[in-house]
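Along the sequence shown, residues are numbered consecutively beginning with 1.
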Amino acid sequence: MPSLRITKEFRFEGAHALVGYDGKCRHIHGHSYLLYVTVGGKPCDCPSSPKYGMLMDFTDLKRIVTENIIDIFDHALILESGSALTEEMERCYGNVVTLPFRPTAENLAAHFARIIGGKLPENVSLHSIKLYETPTSYVEWVAGDY
């Protein structure tokens, strides 16, 4: 059976600040993120399996991404740990996600790839992630590129 890919689209809202950056994005600002997750592998070739002919059930992919990305990052303020006022923001606003890196779109995409890749079924691998910050700007992480 040939190798195939499936893609699921997700949306979430988030704010971040790029402390130390030399442009406007150093200030707290928000995005309507659009996330595409593409996985690949060989579809199930066992006729007696309820997943026969499927690479992966879209519902299972949705659950993995929702539980590990969307539920955490949606409507969150995303900051680099140790940056100024991070502790105060966490106390005041509750939904603050701190990460050990600057929360650029590039770093977020790579972080999401590590998380999702570790949660997929044995016969499925993460192929790519596209993370849009705006309707015209996105970063793409592709397995094996680097």
If you measure from [atom1] on [X] to [atom2] on [Y], what distance do you get to the nearest 0.5 Å?
X      : Y      : atom1 : atom2 : answer
His29  : Leu77  : NE2   : CG    : 10.5 Å
Ile129 : Ile69  : CD1   : CD1   : 7.0 Å
Thr7   : Lys130 : OG1   : NZ    : 9.0 Å
Lys51  : Met56  : NZ    : CE    : 9.5 Å
His16  : Tyr21  : NE2   : OH    : 10.0 Å
Glu133 : Thr104 : CD    : OG1   : 8.0 Å

Membership question, hydrophobic clusters at under 4.5 Å side-chain separation (ILVMFWY): are [Y] and [X] in the same one?
X      : Y      : answer
Leu61  : Phe12  : yes
Ile70  : Phe58  : yes
Leu120 : Leu131 : yes
Leu35  : Val139 : yes

- Query: Which residue pairs pass the side-chain hydrogen bond (donor to acceptor under 3.5 Å, both in side chains) test with at least one member in residues 61-73, sequence neighbours excluded?
  - Reply: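 Pairs touching residues 61-73 that pass the test: none.
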- Query: How would you list all residue pairs meeting side-chain hydrogen bond (donor to acceptor under 3.5 Å, both in side chains) that involve residues 116-125, not counting sequence neighbours?
  - Reply: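 Residue pairs passing side-chain hydrogen bond (donor to acceptor under 3.5 Å, both in side chains), neighbours aside: none found.
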Nearest non-hydrogen partners of [X] and [Y], listed with the distance:
X      : Y     : answer
Pro43  : Leu4  : CG-CD1, 3.4 Å
Tyr52  : Cys44 : CD1-O, 3.5 Å
Leu108 : Ile78 : CD2-CG2, 4.3 Å

- Query: Rest of the hydrophobic cluster containing Tyr36 (Ile/Leu/Val/Met/Phe/Trp/Tyr, side-chain heavy atoms under 4.5 Å)?
  - Reply: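 Members other than Tyr36 - counting any ILVMFWY side chain reachable under 4.5 Å - are Leu34, Tyr132, Tyr138.
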- Message: Using the ring centroid of each side chain, check whether Phe73 and Phe112 are separated by less than 6.0 Å.
- Response: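 Yes, they do, as the ring centres are separated by less than 6.0 Å.
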- Output yes when a side-chain donor or acceptor of Thr86 lies under 3.5 Å from a complementary backbone atom of Ser83, and no otherwise.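 It does hold such a pair.
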- Item | Contacts of type ring-ring contact (aromatic ring centres under 6.0 Å, His included), residue Phe10, not counting sequence neighbours |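 ring-ring contact (aromatic ring centres under 6.0 Å, His included) list for Phe10, sorted by chain: empty.
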- Task: Output every pair passing salt bridge (Lys or Arg N to Asp or Glu O under 4.0 Å) with a member in residues 3-13, not counting sequence neighbours, ordered by first then second residue.
- Result: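 Listed once each, the pairs are Glu9-Arg11.
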Identify every side-chain donor-acceptor pair in residues 90-101 under 3.5 Å, counting partners at least two apart or on other chains, and give the distances.
unit_1 : atom_1 : unit_2 : atom_2 : d
Asn95  : ND2    : Asp74  : O      : 3.3
Asn95  : ND2    : His75  : O      : 2.8

